Structures are given as C-alpha cells and as structure tokens.
There are 2 protein chains.
Amino acid sequence: MSVGIRHDDLRRRNRAMVLSAVRRAGQPSRTEIAATTGLSHSTISAISSDLIHEGILAESKPSETASLKRGRPQVGLALSPEAAAVVTVVLSLNFLSVAVIDYAGQVVAEEQRRLDTLTMPRDELIGECTAIVRRRLEDPDLDVGSVARIAMGIQGITDSHARAMLWSPITPLTDIPFADILEKEFGIPATMENDCNMMAVALQWRDPDRYRDNFIAILLSHGIGMGLVLKGELFTGTHSSGGEFGHMIHRPGGALCRCGRRGCVEAYAGNYAIWRSAMGMSEDAEPVDVGDAEMRSLAAKAREKDGPEREAYRRAGEALGFGLGSLFALIDPAPVAMVGVSAAAFDLIEPALREAIAQTAGGQHSKSISFDTEPNELPLIREGCAMRALTFVDQEIFAPGVQARTGKQFA
Amino acid sequence: MSVGIRHDDLRRRNRAMVLSAVRRAGQPSRTEIAATTGLSHSTISAISSDLIHEGILAESKPSETASLKRGRPQVGLALSPEAAAVVTVVLSLNFLSVAVIDYAGQVVAEEQRRLDTLTMPRDELIGECTAIVRRRLEDPDLDVGSVARIAMGIQGITDSHARAMLWSPITPLTDIPFADILEKEFGIPATMENDCNMMAVALQWRDPDRYRDNFIAILLSHGIGMGLVLKGELFTGTHSSGGEFGHMIHRPGGALCRCGRRGCVEAYAGNYAIWRSAMGMSEDAEPVDVGDAEMRSLAAKAREKDGPEREAYRRAGEALGFGLGSLFALIDPAPVAMVGVSAAAFDLIEPALREAIAQTAGGQHSKSISFDTEPNELPLIREGCAMRALTFVDQEIFAPGVQARTGKQFA
DNA sequence: CAGTATTTTTTCGAGGCTCGAAAAAAAGCC
DNA sequence: GGCTTTTTTTCGAGCCTCGAAAAAATACTG
C-alpha cells in the first residue's frame, strides 16, 4: 500500500526534482528549472541556494546566447563535479572495464583488462574485479569527491534487487553476489545491473526525444538480450532482472538453444545460431563462441552474394520479427535500438524481420516501427551504469530525509 | 517530465490516501488508517473530520470484536453511500447490462437486456446503450447521490485513453466513441474500458492477497483476452487498451484466426478453435460462434472418453502454455486467473498447458505457477467497472485541488 | 461502585514549506 | 544616465503535518 506524504518529504522530493532537472538540462537557469518543475521561483531559489551552499550545485557563466536578450542574464546552474564520484564496472566476455566518473558525469579515470572469463575459477574472477576497482580507487593521481556508488553491469541474468549475478553466458559460474562483495570490499553501496537494462538507460539519456516513455533495446550478440522501458521506467521482472526476449519460443521444438531448450529466438538469431546456419551445421549442433571478426566477415560474405550466409541472416530476421511481433502484441509497438556486433549487419536482417512482424498482431503499424543500430555495446553499458549510479546519488544521497541533510550540512 | 510537489498537493494526496484506505479496509478506525498510511494521528483526525463534514465519510459503530479490548473503543469510518453514485455498462455478445452503484459500492439498481449485437446497425446499438442508462437514471425509485461517473466495459480493443471502442468481436462495427457519446448524452464523465482489464481490476479487489502486484487475468471465451497487472498497476498499451495475448503467434503460418492472421494463440484456444478442432474441421475453416451450452457439452464429451474433443482441449492447452511461457519469459511468472466458459474446462486444458510452459524459458518455476478459475466473466467485468469508476470519484472528485474543495464545502 | 489503567481521538502550539508580491539586481536600449 | 526588461532574492502569509498533551471512552479491580 502506498504511503502518505509526510511534510518533510516535500522538500526532499523537490530537491531531487531540482537535481534531476539540472542533470537532464545541463546548465539550466533557475527560471528554466521553475518552468520544468512547475514550482515557484521562490522555491527554486531557496532550494538551489541550499544546494550551492552544500557544494552540490555551482553557478556557471551564462550561456553564450544570453547576451542577445534584454534583462538580467540567466545564471546557469551546473552539477559540481567534485560533489561526489561513482565507479562503473562492466564485465563482458573476456573483458573487464572500470571507470571512475565525477558527479557531473565526466570520466576521470579508467582501466581495461583482458581476461579469460570462460575458464576462470570463481575466486579469481571475483579477485580480478575487486583488484581493478581497488587500483583505480587507490591511484594517488585520482582527484574526485568521495566515491558514493559502484554500479556493475554484466551480460546475463541478475536478481530483481540488483544484488547478484545469477547466470551469465560469459562464465560457467552462477550466483555470484557481486553487489555484496563490492560493498564489503570497499564500504561503498553497489549494485549489479543487467547489461541490456543499462543500454536502455543510456539510450534514454543519449536521445531522450526518441527514447522516452516506451522503447526497446535489443542486444544482438552471442546471445540475444533485451532492455525494456515502459512508461518511462525500466521494466524488470519480479524475480529476475528483465525480459528474456531471446528465450521466447519462436518454433516449438525447433533449433537447439544455448539455454538447453529448443526453438528460442536466440537459437536462430544469436551469433552462434547465425554461424551454425551459415556453415550448414545441424540445428542440433552445440553452440560455439564466434568472434566479432568472424561475424563481420560472415556479414560481408552475405552481402556479396546470395547463399547460405544470407539465408542465415534472413532466418535470424524472421525469428527476431516473430519475437518482436509477439512483444508488440503485448505492449504496442515502440522504437527499437539494435545494439551489438550483429546490429552492424542489420541491413541483412531487416527485410525478413519486417516481413515477419507484418504477419503478427503487433504488425498493424509495422511500417511505422523504426529501428536504430549501434554496433558497439560496451560504451552504452558503461554509460548506463554511470547514469544509474549518479541518479542514485542525486536522489538518495543528496536528497535524503531532513535529518541526514542537516547532518551533512553542519558536519 | 515529472512535476514538483506544490504545497496544496499535499492535502489533496493525503485525502485521496485516506479515502483509498477506507475503501480498501471497509471500516477502519482512525488509528488503523494512521498505521496504513504512515501519517500521524493528528493529520488523520483532521482529514477525516473534513471528510465527515463534507458527507463523504460517516462514522459507523465499532466492530463487534471491539468490546474485548480495554481502552476507548475504535470508531469505524465508512464510505457514505449517498455521497455519490456511479453507473456501469457492460456490453457483451447479445447482452447489455447496466447497474447503478452507490458510493459504498452497493448495487442499488440494475437492468439487463438481450439484443442481437452482431447484426445491429450502429445507431441502434448506441441507442440501446443510452436508452438503458437513461431508464435507470430517470427511474423515480432511484435514491442515490448524484451520479459522478459512468464506466462502460466491452470485449475487444479500446483506445489507450479509455474513450472509444476500436474493434470488438461482438459487432462488425468499429470505432464507436462510447465515452464521448455517454458524456454528451448525460453530462457525466465516462470511460470505455476493456473487459479483461476490468476483470483484473475486480480480482485485485476481490482477493488482494493473491492478486496484488503482478498477476494475469485471461478470458477464455469466443476470443482470448488478457488483463495484465504489473507492479500493482493495470498495464495498458500506449496506443490501444492492452495486451493482445490471444494474438501472439503460436505457430507461424498455422491455423486461421478470427483476426485474419494465422497461428495466433486464439486460433487454437478460442471457443471456435476448440470447436473446429473437435469437429474435425480444417484449420482453415472460418471461425463460427459457438454457444456456451455447446461448449459445456463439448467439455463433458471430452471428459467422458479420449477422442477428438479431448485432443482439441489438449491443443488449446498447448497454445495457451506456449503463449504464457513467452509472456513469462518477459515478465516473470505470476498468478493467473482463467475466466470464462472454457475456464470451466480448465481440467482438460491444464495438463498440456503445464507441459508446454515447462518447455519455455518462463517455465523454470512452472510448478509454482498457480491457476484459479472463474467460469462467469460478467460479474467480474461489472465489478471492475464499478471499482474503476468509484476510485475515480475518490481521487478526482473528492480529493481535488484546494479551490474545488473549499467551494464544495461552503456551497 | 469508584478509582485506575488503557486505548483512541482531539486539541494546540511549533516548525517547515511553498507561494505571491514586491524589491533588488543586472543587464540592454535610447 | 535614466528607462525597460528579465532574472533572482526577500519577506510575510497561509497551509500542512507533527509531537505532546489533553480529553474521551471503555474495561479492569478490589
């Protein structure tokens, strides 16, 4: 049951609102903030004065176009970079990447590392993750505010509380409580996020006009993943991280999927599935890892001439189309972003995909569905993790209950 | 962008919260309301005193068990029946039913009518709907507060603003703006709701323990419909009313569906599909209407001995299972209520359904998924419409901005 | 049966928040 | 340099919620 609004919540929520408006708009003036939040000028003045005194916001020079206008120039408000910092950790197949990001969202330090995730034992994998974070945090050159949050992203299934990796294609290991591990190791609140969800979060910040209330981010990589935003909010399941779009059933009893079941969308559209089909292998053949370079040359071959390679992409498009069609039957069509190495081959996938969608209930407006492609998923995932961590700081650290705020103010 | 909280909103929201607590709990005392809302006793005292003076709430005798306890007995607060009234209109195949309901949720008048919806011309269908409402409203015996809302429910697709019927299986007519028609005719705000969504709303009120945050209501009738509640809120699409579960693709290119496409879940699990299959007709045969009595005797035959009837139900279960499995891959498993005439034959459907789910990604916890059945959909739909209309009154009429409230208070 | 204990509800003053109006500030314009 | 325009701050008023204390209404106890 939702809870009543107490009097103290008022200021707390409006503080969060102001911070959110500044993060979104970049350097809005107090007047602009008043307009977007619907609060009065006096309230915005009071809140921003507080935030400036607390070192969370800073006044910046008026924007360059300001000199054209008549009256008193607007003073832009910006996030104070040194107010806090966050750390992002992205663990993907054979690759680990960490970044330290200031409160204004700028990357101030980073480190990347290749490692063999598929064969690494549990302790070693965890050890690599904590070690790389420790190196960045203990770097004497690092000059940021106190680190307030760690957000880790991983391909696979995470639990619904964003605490643990339950299963991932990058390692045979399961149920690693990364959030707890990082919190215990560094004493900093941490979360474990699903990669596709972070892609969706990043898209929402990168292009809010296109990706606002309802959209879908699909990862076309070794596996097929999905991040779904509905009504402006990330949709995550009640038990696990999010939609297992790749494991919707395309053909009951069909091709063998990495998950062990048959007929999943991924068993037709994952890299290994496209490869398997292009090589003329059986649909029952065990999934194998295919490198990005191989996939790119496969796509080149498919573009060159009609043959089993092109047919493999066509079948991938068909599977994705039926999957999307079923999804659209449930949630109404929405913009789609295709991310990952096979998104670079979307020209080979799109025709069959559109044809399949058109045969489904969700395909009534199939022509109006627009697709965007982004071949490189890692920057998106990192960006999503960063924004996730930063908005947490905005809302939970810098706009807490009154007690905590005054505590900080006079400490 | 979400908007800041203005000072006046505070009281408005807390009033709404109190009304909601009373509607949910029945006859809670002020102390109980304070506990569930988290507001202080003084605030609850002030708000409920207002609401009582405005005639919206009334004190009722303490509950019978009160006499056991020691101190001052709790005074129950109840919704004042005469504070307002709402009207529900449910239009289904060959059947029109209207009820007038008081603010406390009791039916105070009703009328039902058989009519031939499939052949009726547009004007006549609209005319019947407005006429039956007019008769109930103008009945001199009717003794209720002013009617504040009309909620109409219909099987089929409604637009996302709950204003119009876009398409319905009960009539060849399309795009009837019932909400506008009713508003214009009676000067009372009206909405046009989807039947399955209303079933879900009703279930949430009937059994809040079982149907709270995430659950699914599936209508097994001529067509297959779904009402979906996620995070405690009805999920409706952005363009149309809700999930077209029945038109998810079960077998690409498969059996002919009423919608004209092929392979939809409905083309295997709708009454007409079960009938078609049981009678040994082709999967391409045109869908025909099958009466409830025929369906019941079909189910009886299927229970009696193994044969084409039993096989037809088995195939229906398989289609429903794969559809549910795909859905659960996206949203995590949740309790399911099967409603409608074929829900009475769920014993015939369930084994194949569970088997199909177990083969899908959503089926990991398939044994834990629980099904409930309710053969009669009409009472549920009406109840959902009633609650929808009443909660609208709670929130929009009795907890409006400050101006309107004081206006009402002193008028 | 009167006094005490217990629980619910109301009252009352304090503190905090937002708002509107007016004032102050900071420019460009003439 | 005065006037206009726009932004920002200041200030008093009005609400709202809260906590503490008081009042109300009952059961228990000897």
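Because the structure is a prediction, the values reported are computed rather than measured. Letters go in sequence order (proteins before strands), and every chain restarts at 1. Atoms considered below: every heavy atom in the structure, side chains included; atoms not considered: hydrogens, waters and symmetry mates.
The closest side-chain donor-acceptor pair between A:T43 and A:S40 falls under 3.5 angstrom.
Of the candidate nucleotides C:dC19, D:dT17, C:dT9, C:dT9 has the atom lying nearest to any side-chain atom of B:S45. Closest to the B:R6 side chain, of the nucleotides D:dA25, D:dC18, C:dC19, is C:dC19. Closest contact between the side chain of A:H41 and the listed nucleotides D:dT17, D:dT9, C:dG20 involves D:dT9. Of the candidate nucleotides C:dG28, C:dC19, D:dC18, C:dC19 has the atom lying nearest to any side-chain atom of A:T43. For B:S42, counting side-chain heavy atoms from C-beta on, the closest listed nucleotide (D:dG19, C:dC19, C:dT10) is D:dG19.
Here the P atom of nucleotide D:dC16 and the CG atom of A:N14 are 16 Å apart, to the nearest Å. The interatomic distance linking B:R11 (CZ) with D:dT17 (C1') rounds to 9 Å, in whole Å. The distance between atom CZ of A:R70 and atom P of D:dT5, rounded to the nearest whole Å, is 6 Å. Here D:dT6 presents its P atom at 15 Å from CD of A:E32, a figure rounded to the nearest Å. To the nearest angstrom, C1' of D:dT7 lies 14 Å from CD1 of A:I44. Rounded to whole angstrom, the span from the NE2 atom of A:H7 across to the C1' atom of C:dG15 amounts to 9 Å. The interatomic distance linking B:I5 (CD1) with D:dT17 (P) rounds to 12 Å, in whole Å. Remark: C1' of C:dC17 and CZ of A:R12 are 15 Å apart, rounded to the nearest angstrom.
The base of D:dT7 is paired with the side chain of A:R72 by a donor and an acceptor separated by under 3.5 Å.
Using a 4.0 Å cut-off between charged side-chain N and carboxylate O, B:R212 and B:D207 make no salt bridge.
Each of B:T31 and A:L10 was matched to the nucleotide of DNA chain C holding its nearest heavy atom; the match closer to the 5' end belongs to B:T31.
When all heavy atoms of A:A104 and A:R23 are compared, the closest pair comes out as C-NH1, 4.4 Å.
One axis for each end of the helix from C:dC1-D:dG30 to C:dC30-D:dG1, each built from five base pairs, and the angle between them comes to 20° at 10° resolution.
Ring centroid separation for the pair B:F392 and B:F398 does not come in under the 6.0 Å cut-off.
A donor-acceptor pair is defined here as one N or O able to donate and one able to accept, closer than 3.5 Å; such a pair exists between the side chain of B:S29 and the backbone of B:E32.
With contacts defined as side-chain heavy-atom distances shorter than 4.5 Å, the pair B:P28/B:V22 qualifies. Within the 4.5 Å cutoff, side-chain heavy atoms of A:I5 are placed close to those of B:N14.
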